[in-house]
Amino acid sequence: MESPTDQELTVEMIRARGAWTAPGLGHGFFGRTGGVSQNQFAALNLSAHVGDDPEAVAINWSRVRTAMPRYRRLALLNQVHGSEVHIIGADYDGARLTGDGMVTAAPGIALGVFTADCVALLMVDGAQRIAGAFHAGWRGTLAGIAAVGLRRMVEAGANLGRIQAALGPSIGPCCYEVDAELGARFAAAWPFSRS
């Protein structure tokens, strides 16, 4: 594998402000810079199942771990574009669950979701130290992933009135069009969103 340039060594991580800065609670949205993957996977690909060089993916994960706050375990999902949300407890064994969201109050567990054109949605009740990470594609959004995530956070002990949300970077209207039928489904689900 080629030696990376100094520019490639910098992993870009975007962070929200406010409750997200509570001691012991970390978060971040990673972009594509700072990785070593090549060609269609360039540069910070973290998904081992898409056909990328496993060595490159391992190096990319190493860089992400260096940039992230300390954690003991990383919880990831087999995402299916739905609305299933799991509560991850202190007894979490590292197995990848199937679904599109996770909630935890357990110290030392990092929650991770993968996105490309979908939205990463993070929620936190900083006072109760309960966090949620959700993969919100159009299917999951129509299926109510955000509402399910809020319910699961409350089940875990969060106060609904204190939960704050942050949306990660995603594809925009310049690059992603939907047909009239899908637009009509969203308008029916959220009538207040009509222009």
Side-chain angles (χ1 to χ4, degrees), residues 12-20 25-33 40-51 64 74-88 96-105 110-126 128 130-195:
E12 177 184 29
M13 184 168 54
I14 300 166
R15 295 185 180 161
R17 296 184 188 114
W20 302 94
L25 288 176
H27 77 285
F29 301 100
F30 291 96
R32 293 190 58 126
T33 60
Q40 74 265 30
F41 305 112
L44 190 67
N45 174 46
L46 300 172
S47 183
H49 72 277
V50 295
V64 164
L74 175 64
L76 298 172
L77 294 165
N78 293 317
Q79 297 171 191
V80 293
H81 296 277
S83 62
E84 179 148 6
V85 176
H86 300 278
I87 295 179
I88 306 296
R96 259 190 160 172
L97 302 170
T98 297
D100 287 278
M102 296 170 288
V103 169
T104 193
L111 307 176
V113 294
F114 293 100
T115 62
D117 53 348
C118 297
V119 176
L121 170 59
L122 303 181
M123 294 189 221
V124 66
D125 175 344
Q128 289 298 108
I130 297 172
F134 312 95
H135 166 250
W138 71 261
R139 288 175 184 86
T141 300
L142 279 175
I145 184 79
V148 173
L150 285 169
R151 281 194 298 274
R152 298 294 275 166
M153 288 185 72
V154 170
E155 286 173 29
N159 178 313
L160 188 60
R162 282 195 307 254
I163 295 173
Q164 294 188 344
L167 299 176
S170 65
I171 199 163
C174 69
C175 309
Y176 189 81
E177 294 182 13
V178 298
D179 61 23
E181 186 275 329
L182 184 56
R185 287 173 64 187
F186 271 88
W190 294 284
F192 59 85
S193 68
R194 294 181 189 151
S195 56

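The figures that follow rest on heavy atoms only: side chains count, while hydrogens, waters and symmetry mates do not.
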Crowding at CD, Glu177 (>12 non-hydrogen neighbours, <6.0 Å): no
Where Ala120 and Thr115 come nearest, the two heavy atoms and their spacing: N-CG2, 3.6 Å
Side-chain heavy atoms of His135 within contact of Leu77, under 4.5 Å: no
Full working for side chain to side chain contact (heavy atoms under 4.5 Å, CB included) between Leu97 and Ile88: CA-CA 10 Å; Leu97 302 170; Ile88 306 296; 3.7 Å; yes
Backbone of His81 reached by a side-chain donor or acceptor of Arg139 within 3.5 Å: no
Any Leu25 side-chain heavy atom under 4.5 Å of His27 side chain: no
Where Ala165 and Met123 come nearest, the two heavy atoms and their spacing: CB-CG, 4.0 Å
Closest non-hydrogen atom pair, Gly82 against Ile145: O-CD1, 3.8 Å
From Ile87 atom CD1 to Met102 atom CE, the distance as rounded to the nearest 0.5 Å: 12.5 Å
Any Leu122 side-chain heavy atom under 4.5 Å of Phe29 side chain: yes
Sub-4.5 Å side-chain heavy-atom contact between Leu142 and Trp190: yes
Atom pair NE2 (His86) and OG1 (Thr104), whose distance is rounded to the nearest 0.5 Å: 13.0 Å
Minimum heavy-atom distance between Cys118 and Gly137, given as atom pair plus value: SG-CA, 3.4 Å
Check: Asp125 side chain, Asn159 main-chain N or O, donor-acceptor pair, under 3.5 Å: yes
Which atom of Arg96 lies closest to which atom of Phe114, heavy atoms considered: NH2-CE1, 3.0 Å
Beyond-backbone contact of Ile130 with Val103, side-chain heavy atoms, under 4.5 angstrom: yes
Close side-chain approach of Leu44 to Phe30, heavy-atom, < 4.5 Å: yes
Smallest separation among heavy atoms of Val178 and Gly183, with atom names: CG2-N, 4.3 Å
Sub-4.5 Å side-chain heavy-atom contact between Val148 and Asp100: no
